[in-house]
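One-based numbering, in listed order, for ligands and for the atoms of each. What you see below is based on every heavy atom in this structure, not just the backbone, and it leaves out hydrogens, waters and symmetry mates. Quantities reported herein were computed from a predicted structural model and do not represent experimental measurements.
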Amino acid sequence: MELDIHSYLWRCSCGGLLDLLGIPTLDNFKPVSGLWSIWRYRKSLPFDTSSNEWETVTLGEGITPLIEEEIGQYLKLDFLMPTLSFKDRGSAVLITKALELGVSRVVADSSGNAGISIAAYCSRAAIDAEVFVPANTSGKKVEQLRSYGAKVHQVTGDRQAANAAAIEYLENNNAYYASHIYNPLFHHGTKTYMYEIWEQLGGKLPDVLVLPVGNGTLLLGAYIGAKELVDSGLASRMPNFIAIQARECAPLASTWQKQTTGIAQGESRCNSTVAEGIAIADPPRANQMIEAVNASRGSFVTVSEAEIISARRLLSRRGIDVEPTAAAAYAGFLSWRKQNPETGSIVVALTGAGLKSAPSNH
Ligand SMILES: *Cc1c(COP(=O)(O)O)cnc(C)c1O
């Protein structure tokens, strides 16, 4: 089902997933010059031209560095965001829409960076945030949520229990569900990732994009962005998306390998991994993610714990400290490149900062 952008809905009444209608076309698209944030792409975002709530909400998110490590091989440093992860792209857009809709309270559920990002933007927009987290969420993250003024609900049980508690709260209270997974507005924020790379590469998309994948908020956003650029003739072809999962929790990769749809029971069993940000056993948008990777003529790659730890160390020895979830993408890139040495331009996503996790061992 597709959603009108002026709606409060976050899920189809049939229970299914929503996607957006009514995105402005990219005819004669040009970034707004002199505006150094994701809002320079606002003609492609789901807002009327007269809408100016973004000016209240923005923290200057976006325009993160794209550095060339080797010829044709780039790292996109999205951990240099206001709350230190790429999630700020999605939150800025989603919370701006909430402000425009006149929302006074939002609900979010997350065990990590998404909740922190939503909480920061809610405080910016003077919207109350109720964030549901699993009871084992680290004290550091709970403190960060509270520091932004969010009300934290610690739910007994796992990530799914936190989700169920959030939905129960929504049923009994008047609030807007700022879900980074279900609410399609989030993906229209993360799509700016692709617009930015396109502009930084001089009006071209890379041949290959390597990124970590759990719930797919970056993958699906980047896919939407690339598709919009290609469909409007601003880029000639989609990048191949190389989607990275931790071997200890790889339901998408194993479903993709079997060329089936839907994650089979048992497949969704996850062992613990240092890449906690992509340890998602049963992602609601699984089929969309697999379709996006296939449509891009890309693939899934899994990485071991040792590869992740070693990739993190390699990066930090190059002056780049990222959290293990982000290092997983770099590990996946190293492993993929061994099999595919002859490729054109490659961008590797570095999504979250090292400060968010325990330091790497030396
Ligand atoms: C959320 C997150 C991811 C994974 O994003 P998904 O939307 O779950 O695919 C990767 N890296 C970091 C740092 C994150 O915060």
Specify the protein heavy atom at minimum distance from [atom]: its residue, its atom name, and the distance to 0.1 Å.
{"atom": "atom 12 (C) of ligand 1", "answer": "Thr351 OG1, 3.4 Å"}
{"atom": "atom 1 (C) of ligand 1", "answer": "Lys87 NZ, 1.4 Å"}
{"atom": "atom 7 (O) of ligand 1", "answer": "Thr217 OG1, 2.3 Å"}

Is it the case that [X] and [Y] place a side-chain donor and acceptor less than 3.5 Å from each other?
{"X": "Asn113", "Y": "Glu323", "answer": "yes"}
{"X": "Lys76", "Y": "Thr64", "answer": "yes"}
{"X": "Thr58", "Y": "Glu55", "answer": "no"}
{"X": "Glu307", "Y": "Ser304", "answer": "yes"}
{"X": "Thr351", "Y": "Asp78", "answer": "no"}
{"X": "Tyr74", "Y": "Gln200", "answer": "no"}

* Give the intermediate values and the outcome of side chain to side chain donor-acceptor pair (under 3.5 Å) for residues Thr137 and Gln154. => CA-CA 8 Å; Thr137 301; Gln154 284 167 294; over 6 Å; no
* **Pick from Ala243, Gly216, Ala275: the one approaching atom 6 (P) of ligand 1 most closely through a non-hydrogen atom** =>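 Nearest option to atom 6 (P) of ligand 1, by heavy atoms: Gly216.
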Going by heavy atoms, is [X] under 4.0 Å from ligand 1?
{"X": "Pro212", "answer": "yes"}
{"X": "Phe86", "answer": "yes"}
{"X": "Ile280", "answer": "no"}
{"X": "Val213", "answer": "yes"}

* To do: Answer side chain, backbone, both or neither: which part of Asn215 comes under 4.0 Å from ligand 1, heavy atoms only.
  =>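 Answer for Asn215: both.
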* Location of contacts on His180 toward ligand 1, heavy atoms closer than 4.0 Å ->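 For His180, there is no contact with ligand 1 at all, from either part.
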What atoms in ligand 1 come closer than 4.0 Å to a heavy atom of [X]?
{"X": "Glu323", "result": "13 (C)"}
{"X": "Ile278", "result": "4 (C)"}
{"X": "Gly352", "result": "13 (C)"}
{"X": "Asn113", "result": "13 (C), 14 (C), 15 (O)"}

* Asked: Under a 4.5 Å cut-off applied to non-hydrogen side-chain atoms, are Asn183 and Leu94 in contact?
  ->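 Yes. Closest side-chain heavy atoms under 4.5 Å.
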* To do: Report yes if some N/O of Gly214 lies less than 3.5 Å from some N/O of ligand 1; otherwise report no.
  =>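 Yes; the residue has a nitrogen or oxygen that sits under 3.5 Å from a nitrogen or oxygen of the ligand.
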* **Check ion pair Lys97-Glu100 (N to O, under 4.0 angstrom)** =>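 Salt bridge flag = yes for Glu100 with Lys97.
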* Salt bridge present between Arg89 and Glu196 (N-O < 4.0 angstrom) ->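 A salt bridge links Arg89 with Glu196.
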